Each structure stands twice: as structure tokens, then as C-alpha cells.
Amino acid sequence: MPTAREALLDAALAALTGRPWPTVRMVDVAAAAGVSRQTLYNEFGSKDGLARALVRQAADAYLDGVERALGSAGGTGDKLAATAAWTVRATRTNVLVRGLLTGCWGDRSPCPADLLRPPRSPVPLQRPADAGPPTPAELLGEVRDRAVAALDGGRPPHDPAALAVTCELALRLALSYALVPAPAGTEGEVAPLVSHVVERAPDAAA
């Protein structure tokens, strides 16, 4: 059974899917989650606090998917191709992940300025405030570093900087599909494209 916090985040995400964030009301989120409005404020302090938690949840879910992709079968090219494919899919199915990775926040999403500024309403002592979202560069850097760590284990000596460049290149190729979406039905092109590029990278490994 989900906790009150989980139920509230699920309700907030469902509300965001149906209408612009500025029109989402706290009372409606609380009602959809089956808890009191006071419980919502106890968890998040304010609507801005709820938005920060919602975006943080999206970032964590994306990073969990990255870990699964990096743990998939195959060599460097296969793992980076899986990570790139997951990145494209995540940006197309979750408007918050797209905003986090590209910096392109639509008018239906929480305002980035609201996510970054200090909370106007303090969160109760029993619940620390959620941090603001990472910038696209910070999130890309975290994914790159996770990829390097996952791909570096047990390999012969190599140039770590070259491996980092290869990982970042694969991610930036994926983000190009998020920024300029390919025609419907061609989303799968990113995986073989990344594999092709990695095979020709100076530090690629099987």
C-alpha cells in the first residue's frame, strides 16, 4: 500500500498529465490521494515544495532506468545503446524528464524559477525540503559518470577520459532526438546509431 507521500506524488503527476501545473489545486491533489490537505502541507510545505518533490521523483525514476540499461547484456556499445534508447523514451513519455534533460519546460510544467528558489512556506521539521532539480548539464554529467563506472569494471588499461567522451557522445545523440523528435515510428533508430558511433570510438570495448 503506498504511503501518503507516494499517493500524493502519484495524484500530482496524474493532475499534471491532465492540465497545466498552474491550474492544479492542492485541495484536488489531496482529495485524489485520499488524504487531507493538511497532510499534503505536512509533507511538502507548499505547492512549490510539491513540484520540487515531483521533479525529483522524475529524475530518480529516470536514473533508475539508466542503471537498468547499463546493467543489460552486451558490451559497451549495447549498454550505451540501451541507455540512449531509454533516454529517448523517457523524454517522450514524461514531460518532467524532458524538462530536466533539455531545459525545455513547457507551459504545462512547473515553472523552473519556482523549483530553484528557496521555499516560501517552510516544510515541517519532520520532513526535510526536497532540493531543487539538477540542471541539464548536471544530470547529463551524473548519467555519464554512472556509465563510465558501469563500463569501466574489469576492463584492461585504457584512457578514462576517452571513455567519458564516448559515454557523453552517446547521451548527446539521444538528447538530439528529444530536442528535435524524429518522425513517429523511428524512435528505435537511436540505438543502432549509438552502437555505430561507439564501435568507432577510440576507447570502445566489446
Side-chain angles (χ1 to χ4, degrees), residues 1-72 82-83 85-143 145-146 174-175 178 181 187:
M1 183 174 181
T3 64
R5 182 179 179 85
E6 292 168 341
L8 285 164
L9 288 171
D10 288 345
L13 184 59
L16 176 60
T17 302
R19 57 185 185 273
W21 181 252
T23 69
V24 174
R25 300 192 308 162
M26 296 284 271
V27 63
D28 295 334
V29 172
V35 302
S36 69
R37 187 168 59 171
Q38 186 58 52
T39 297
L40 192 160
Y41 281 103
N42 286 345
E43 287 288 341
F44 304 107
S46 66
K47 187 176 179 181
D48 288 349
L50 175 60
R52 277 191 296 275
L54 196 60
V55 171
R56 185 69 256 178
Q57 181 189 57
D60 290 342
Y62 166 68
L63 290 172
D64 287 344
V66 167
E67 293 288 352
R68 289 192 297 272
L70 291 172
S72 59
T83 302
W86 160 246
T87 296
V88 172
R89 186 163 64 253
T91 58
R92 292 190 175 179
T93 57
N94 190 316
V95 66
L96 298 177
V97 174
R98 185 174 191 275
L100 283 163
L101 283 169
T102 68
C104 299
W105 297 89
D107 56 4
R108 299 183 64 87
S109 304
C111 176
D114 294 342
L115 297 172
L116 293 171
R117 70 188 177 202
R120 288 176 293 181
S121 301
V123 177
L125 293 177
Q126 70 268 26
R127 174 66 63 185
D130 292 277
T135 66
E138 289 170 343
L139 187 55
L140 177 67
E142 183 167 355
V143 177
D145 293 345
R146 291 187 183 206
L175 290 181
E187 294 88 346

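One-based numbering along the sequence shown. Keep in mind it's a predicted model, so treat the numbers as computed, not measured.
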Begin from the C-alpha positions of Leu16 and Leu96 and carry the test side chain to side chain contact (heavy atoms under 4.5 Å, CB included) through to its verdict. CA-CA 10 Å; Leu16 176 60; Leu96 298 177; 3.8 Å; yes

Output, in order, the C-alpha distance, side-chain angles, deciding distance and verdict of side chain to side chain contact (heavy atoms under 4.5 Å, CB included) for Val95 and Thr17. CA-CA 9 Å; Val95 66; Thr17 302; over 6 Å; no

What is the distance from atom CZ of Arg146 to atom OG1 of Thr83, rounded to the nearest 0.5 Å?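 Rounded to the nearest 0.5 Å, the CZ-OG1 separation comes to 11.5 Å.
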
Closest approach of Thr91 to Arg98 (non-hydrogen atoms, all atoms of both residues):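 Taking every non-hydrogen atom into account, O-CB, 3.4 Å.
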
Taking CZ in Arg19 as the centre, count heavy atoms belonging to other residues, nucleotides or ligands within less than 6.0 Å. Is the count above 12?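 Buried by this count: over 12 neighbours within 6.0 Å.
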
About how many Å separate CZ of Arg37 and CG of Leu40, when rounded to the nearest 0.5 Å?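 Those atoms lie 9.5 Å apart.
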
Identify the heavy atoms of Tyr62 and Trp86 that sit nearest to each other, and give their distance.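 Closest pair (atom of Tyr62, atom of Trp86, distance): O-NE1, 3.0 Å.
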
CD-CG distance between Gln38 and Asn42, expressed to the nearest 0.5 angstrom: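 Between atom CD of Gln38 and atom CG of Asn42 there are 4.5 Å.
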
Could you state the interatomic distance from CG (Leu175) to OG1 (Thr87), rounded to the nearest 0.5 Å?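 Result: 6.5 Å between the selected atoms.
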
Which residues pass the salt bridge (Lys or Arg N to Asp or Glu O under 4.0 Å) test with Asp60, sequence neighbours left out?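 Residues passing salt bridge (Lys or Arg N to Asp or Glu O under 4.0 Å) with Asp60: Arg56.
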
Quick one: pull up OG1 in Thr102 and CG in Leu139 and give me the separation to the nearest 0.5 Å.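 Rounded to the nearest 0.5 Å, the OG1-CG separation comes out at 10.5 Å.
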
Nearest heavy-atom neighbours spanning Trp21 and Leu54: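 Heavy-atom minimum between the residues: CZ3-CD2, 4.0 Å.
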
Of the non-hydrogen atoms in Gly103 and Pro136, which two are nearest, and what is the gap between them?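 Scanning both residues completely, I find the closest heavy atoms to be N-CG, 3.6 Å.
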
Phe44 and its side chain to side chain contact (heavy atoms under 4.5 Å, CB included) partner, picked from Thr39, Val29, Leu8: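 For Phe44, the side chain to side chain contact (heavy atoms under 4.5 Å, CB included) test succeeds with only one of Thr39, Val29, Leu8, which is Leu8.
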
Looking at every non-hydrogen atom in both residues, tell me the closest pair between Val24 and Lys47 and how far apart they are.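 Looking at all heavy atoms of both residues, the shortest contact is O-NZ, 2.6 Å.
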
Shortest non-hydrogen contact between Trp105 and Leu100, atoms and distance: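 Where Trp105 meets Leu100 most closely, the heavy atoms are CZ2-N, 3.7 Å.
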
